[in-house]
Amino acid sequence: MAYENPEAERFNALVWEIVRQVPEGKVTTYGFIASMIPPPRGVAANDYARLGPRWVGDAMNAVSGIDEPTVPWHRVINARGGISLPEGSKAARLQRQRLEAEGIVFGPKNTCDLKKVGWEGPDAAWLEARGLLQPQPRKKPDENSGQLPLF
DNA sequence: CGTTTGACTACGC
DNA sequence: CGCGTAGCCAAAC
């Protein structure tokens, strides 16, 4: 939809390929996926940080009519751990139904715990073979503990 | 042809 | 910690 330019096709293809790697019972976020794809030519890194996730959402939307059976689109949710489809919509109910069928638990705010069910990403070799980047944690590292927070 | 809107996020209050 | 806002690109009105 949005982002119609010569690189759109490639971008969408990368998104779909990454989403295909998400295992059953795990979820990932739009921003997390975007962080693995290098910014297209002419897009500044700081702009891409905000544009990328939106484009990933657009790519998910495009799945509906193209590659629906092979792309587990339902495992892609927003950064808060919730479903981004219009609440009450048919698609939103389907997504939640599929996730719960895989064991994903939604709390009182209709969100799930990304620390628990968040996907850690493909291994380095898989990414490198496709010219992709290491997924970048959204939050800044905890300087005291020195641990990698992921989400 | 100007406006509105969207499967987003970061940031400020 | 919850809620509103800005920023950005295209497609749909």
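Within every chain, numbering begins at 1; the chains are lettered A, B, ... in the order of the sequence lines, protein sequences first and strands thereafter.
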(request) For the pair W126(A) and L132(A), evaluate side chain to side chain contact (heavy atoms under 4.5 Å, CB included) and give the outcome as yes or no after the intermediate values. (result) CA-CA 8 Å; W126(A) 191 94; L132(A) 299 177; 3.8 Å; yes
(message) Of the listed nucleotides (dA7(B), dC9(C), dC8(C)), which one gets closest to any side-chain atom of W55(A)?
(response)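 Of all the options, the side chain of W55(A) is nearest to dC9(C).
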(request) Please tell me which of the listed nucleotides, dT9(B), dC8(C), dA7(B), lies nearest to the side chain of P53(A)? (result) dT9(B)
Find the distance [X]:[atom1] to [N]:[atom2] and express it as a whole number of Å.
{"X": "D58(A)", "N": "dT5(B)", "atom1": "CG", "atom2": "C1'", "result": "12 Å"}
{"X": "Y30(A)", "N": "dG6(B)", "atom1": "OH", "atom2": "P", "result": "14 Å"}
{"X": "R80(A)", "N": "dC1(C)", "atom1": "CZ", "atom2": "P", "result": "14 Å"}
{"X": "R54(A)", "N": "dT9(B)", "atom1": "CZ", "atom2": "C1'", "result": "9 Å"}
{"X": "I77(A)", "N": "dT9(B)", "atom1": "CD1", "atom2": "C1'", "result": "14 Å"}
{"X": "D47(A)", "N": "dA10(C)", "atom1": "CG", "atom2": "C1'", "result": "16 Å"}
{"X": "L51(A)", "N": "dG6(B)", "atom1": "CG", "atom2": "C1'", "result": "13 Å"}
{"X": "N61(A)", "N": "dC8(B)", "atom1": "CG", "atom2": "P", "result": "10 Å"}

(request) Please list, by residue number, the residues of residues 85-95 of chain A whose heavy atoms come closer than 4.0 Å to an atom of DNA chain B; answer none if no residue qualifies. (result)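 Of all residues in residues 85-95 of chain A, the ones placing a heavy atom under 4.0 Å from DNA chain B are L85(A), P86(A).
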(request) Cation-pi check, R20(A) to W16(A): give yes when NZ or CZ is under 6.0 Å from the six-membered ring centre and within 45° of the ring axis, no otherwise. (result)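 No, a cation-pi geometry is absent between R20(A) and W16(A).
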(message) Could you tell me how far dC1(C) sits from dC8(B) if I compare only their P atoms? Round to whole Å.
(response)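 About 23 Å, rounded to a whole number of Å.
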(message) Minimum heavy-atom separation for R75(A) and V22(A), please, with both atom names.
(response)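 The answer is NH1-O, 2.9 Å.
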(request) Work out which heavy atom in A92(A) is nearest to a heavy atom in I83(A); give both atom names and the distance. (result) O-CD1, 3.9 Å
(message) Quick check against the 3.5 Å criterion: does Y48(A) have a side-chain atom that pairs as donor or acceptor with the backbone of I37(A)?
(response)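 Yes; judged by distance alone, with no hydrogens or angles, the pair exists.
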(request) Flag yes if V19(A) and L94(A) sit in one hydrophobic cluster, no otherwise; membership is Ile, Leu, Val, Met, Phe, Trp, Tyr, and two members link when side-chain heavy atoms are under 4.5 Å apart. (result)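 Yes, one cluster joins them.
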(request) Answer yes or no: does a side-chain N or O of K109(A) lie under 4.0 Å from OP1 or OP2 of dC1(C)? (result)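 So the side-chain polar atoms of K109(A) never come under 4.0 Å of the phosphate oxygens OP1 or OP2 of dC1(C).
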(request) Under the side-chain hydrogen bond (donor to acceptor under 3.5 Å, both in side chains) rule, collect the residues that match up with R54(A), sequence neighbours excluded. (result)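 If we apply the side-chain hydrogen bond (donor to acceptor under 3.5 Å, both in side chains) test to R54(A), skipping adjacent residues, there are no hits.
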